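Each remark here refers to the structure printed beneath this line.
The analysis underlying the following values was restricted to heavy atoms, covering all of them including side chains, and did not include hydrogens, waters or symmetry mates. Because the structure is a prediction, the values reported are computed rather than measured. In this chain, residues are counted from 1 in sequence order.
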Amino acid sequence: MQGTVHQHDQVTGSGSLLLDDGSPLAYDGDAFAAGGARLFRVGQRVTLVLNGDRVVRVELPTRQG
């Protein structure tokens, strides 16, 4: 699943995303750390992994092709 970074706190690693349907979804510092990125910018496209309704990993999308 993908979304767009809406807010990101560089200190805590937490933030929120907007899904493609416009729904907001929060993530915590653990989900950010699990994705291995060093930082996110507002408006950046990311891939997220859910466990139920909880975000467990947020990462930069992989390039294809």
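Taking E59 as the reference, T47, R57 meet the side-chain contact (heavy atoms from CB on, under 4.5 Å) condition, with sequence neighbours excluded. Every residue two or more places apart in sequence or in another chain was checked for a side-chain hydrogen bond (donor to acceptor under 3.5 Å, both in side chains) with D53, and none qualifies. Every residue two or more places apart in sequence or in another chain that forms a side-chain contact (heavy atoms from CB on, under 4.5 Å) with R41 is listed here: L39, Q44.
In this structure, V42 stands alone, with no Ile, Leu, Val, Met, Phe, Trp or Tyr side-chain heavy atom under 4.5 Å from its own, directly or through other members.
Residue M1 is grouped with residue V5 when hydrophobic side chains (ILVMFWY) are merged at heavy-atom distances under 4.5 angstrom, including chains of intermediate members. Under the 4.5 Å side-chain contact rule for hydrophobic residues, F32 and V56 do not share a cluster. Cluster annotation: V58 is connected to L50 through the hydrophobic network of ILVMFWY side chains, with a link wherever side-chain heavy atoms come within less than 4.5 Å.
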Side-chain donor-acceptor contacts of residues 18-28 below 3.5 Å, not counting sequence neighbours, with atom names and distances?
residue	atom	partner	partner atom	Å
D20	OD1	R45	NH1	2.8
D20	OD1	R45	NH2	2.9
D20	OD2	R45	NH2	3.2
D21	OD1	S23	N	2.9
D21	OD1	S23	OG	2.8
D21	OD2	S23	OG	3.3
Y27	OH	H8	ND1	2.6
D28	OD1	D30	N	3.2
D28	OD1	A31	N	2.9
D28	OD2	R54	NH2	3.2

Between T4 and V46, does a side-chain contact (heavy atoms from CB on, under 4.5 Å) hold up when you go through it step by step? CA-CA 6 Å; T4 303; V46 293; over 6 Å; no
